[in-house]
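The structure under discussion appears below in the form of structure tokens.
What you are looking at is a predicted structure, and each value in this text was computed from that prediction instead of being measured.
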Protein chains: 2
Amino acid sequence: MSEYVKQAPEASKAPETGGAGPRRVPLTPGARRALEAAGRLFYERGIHAVGVDLIAAEAGVTKKTLYDRFGSKDQIVVEYLADRDERWRAFLADRLERVRAPRSRILAVFDASRDWAERSLPRGCSMINAHAEITDPAHPAYAVITGQKAWMLALFTDLARALAPRRAKSLGRSLMLLHEGGLVAYGMGIFPDAIDHARRDAQALLKAAVRSDG
Amino acid sequence: MSEYVKQAPEASKAPETGGAGPRRVPLTPGARRALEAAGRLFYERGIHAVGVDLIAAEAGVTKKTLYDRFGSKDQIVVEYLADRDERWRAFLADRLERVRAPRSRILAVFDASRDWAERSLPRGCSMINAHAEITDPAHPAYAVITGQKAWMLALFTDLARALAPRRAKSLGRSLMLLHEGGLVAYGMGIFPDAIDHARRDAQALLKAAVRSDG
DNA sequence: CAAGGAGTAAACAGATCGGTCTACTTTCGG
DNA sequence: CCGAAAGTAGACCGATCTGTTTACTCCTTG
């Protein structure tokens with residue numbers, strides 16, 4: 001892998017859709033198939049374990065197309081993570097739109113995570129997994145990973161503010177801990193229904209928080 | 001990497017020290033240095049990102065010695081994880097020996113994790129990280145990873161039993177969630193002092209659990 | 001109709017991967 | 001004193017890795 005210099009030739013335009021972050025490459029049909037294949041393979045087997053030749057073969061695309069569109073494997077990794085993040089945020093936003101009560105909105109995040117997790121292999125959170133493989137903070141994908149977690153923490157904190165404003169910061173962090181714990185326990189198969197268990201614990205936590213907040 | 005067939009030539013003896021698991025190779029001076037180097041490199045950079053040539057060079061050992069002792073890179077990975085697990089259990093046992101009150105013993109696990117984490121790079125739990133890279137359940141290291149998490153869950157459940165016997169199973173899982181969440185949040189730098197925060201949440205949880213258990 | 005964007009097919013390059021091998025040296029216990 | 005264990009030094013193997021290149025084919029659009 002090159003030293004993070006390469007971007008796709010036509011990159012560095014496109015409007016900001018969600019959070020900040022490097023790049024998005026225009027998705028031609030071939031690029032779209034490549035990204036879909038890369039996403040599946042990266043998630044199932046790990047990033048380092050999947051080569052560009054395999055991605056190209058699975059996508060029914062030549063390596064030239066891969067490099068014409070993305071410029072480097074590192075950029076494919078960035079697109080993979082940014083794409084998953086974007087999808088997750090859209091999925092979650094849709095779930096949250098339908099719920100009004102502050103307490104239910106918080107629990108809806110856990111429900112969304114459970115449903116999201118159950119629609120693919122039980123391999124847990126792609127950001128946590130990617131963080132285990134990408135150890136260099138200068139890697140362009142690193143910001144996507146930490147940005148996703150920072151966004152989730154901010155979300156929990158915001159949701160907590162509507163429920164217990166004085167304890168929002170601490171409560172947000174506690175919810176984050178339960179949520180991350182649920183994702184990991186689910187991904188590693190430590191015990192069954194881990195995300196549901198985390199949800200129940202969150203529910204108890206919220207009850208106590210409301211009681212003790214002004 | 002070979003298909004998991006290779007073990008060190010002299011393997012498959014040595015008494016069971018801790019939990020079950022595939023095997024420990026006798027540690028000659030060269031093998032010890034190699035394992036120390038491999039452990040540091042694997043943890044800091046990830047398993048797939050570290051080659052056997054680098055391990056040999058950092059350990060001041062030739063590749064022949066590596067393969068005479070371990071037989072394969074896969075076996076080095078197994079030794080790396082089993083060694084860390086063994087060390088962690090010894091470290092934790094020492095901490096637990098000094099505490100008697102059931103509630104304090106549970107909190108001592110969080111304290112031990114915090115201290116253990118702070119003595120190395122903030123890269124979180126080596127088992128969680130390894131699980132992100134080793135995706136094949138047939139890999140000999142997989143049992144070490146899942147075995148470690150199962151052991152931790154059993155530990156939390158046992159400790160919980162002394163405090164709230166009727167809720168031990170559920171309480172053990174809740175503690176596990178907080179603990180794993182703390183490890184991940186710490187490893188990814190999501191917010192400061194994550195393990196301490198998890199400890200505080202565990203403390204509150206224990207208070208409530210005692211109140212509602214027989 | 002001409003030009004350019006998107007793509008296929010496939011060879012190629014250089015580096016690195018895990019792993020093997022030969023030849024020689026050092027150390028130590030029976 | 002001798003043989004086995006543990007090690008160094010370093011060449012070597014085939015496979016795979018990321019990335020590049022040449023030559024050609026579609027298809028769309030001005």
Taking 4.0 Å as the cut-off, does a side-chain nitrogen or oxygen of A:Thr28 come that near to OP1 or OP2 on C:dG7?
yes
Ring-plane angle category for A:His48 and B:His48, please: parallel below 30°, perpendicular beyond 60°, tilted otherwise.
perpendicular
A:Phe110 and A:His179 aromatic ring geometry - parallel, tilted or perpendicular at 30°/60° bounds
perpendicular
So, B:Tyr43 side chain and B:Asn129 main chain: donor-acceptor pair closer than 3.5 Å or not?
no
Check the distance between C:dA10's C1' and A:Leu66's CG and give it to me in whole angstrom.
15 Å
Please work out whether the ring planes of A:His197 and A:Phe191 are parallel, tilted or perpendicular, with thresholds of 30° and 60°.
perpendicular
Residue mapping more 5' on DNA chain D - nearest nucleotide basis, A:Lys64 or A:Val52:
A:Val52
When you measure from the side-chain N and O atoms of B:Arg33 to the phosphate of D:dG7, is any distance below 4.0 Å, counting only OP1 and OP2?
no
Would the base of D:dG19 count as contacting A:Lys63 through its side chain, where contact means a donor and an acceptor less than 3.5 Å apart?
yes
Whole angstroms only, please: what is the CG-P distance between A:Asp68 and D:dT22?
13 Å
Separation of atom OH in B:Tyr67 from atom P in D:dA5, rounded to whole Å
22 Å
With a non-hydrogen cut-off below 4.0 angstrom, is A:Thr65 in contact with a base, only sugar-phosphate, or nothing?
base
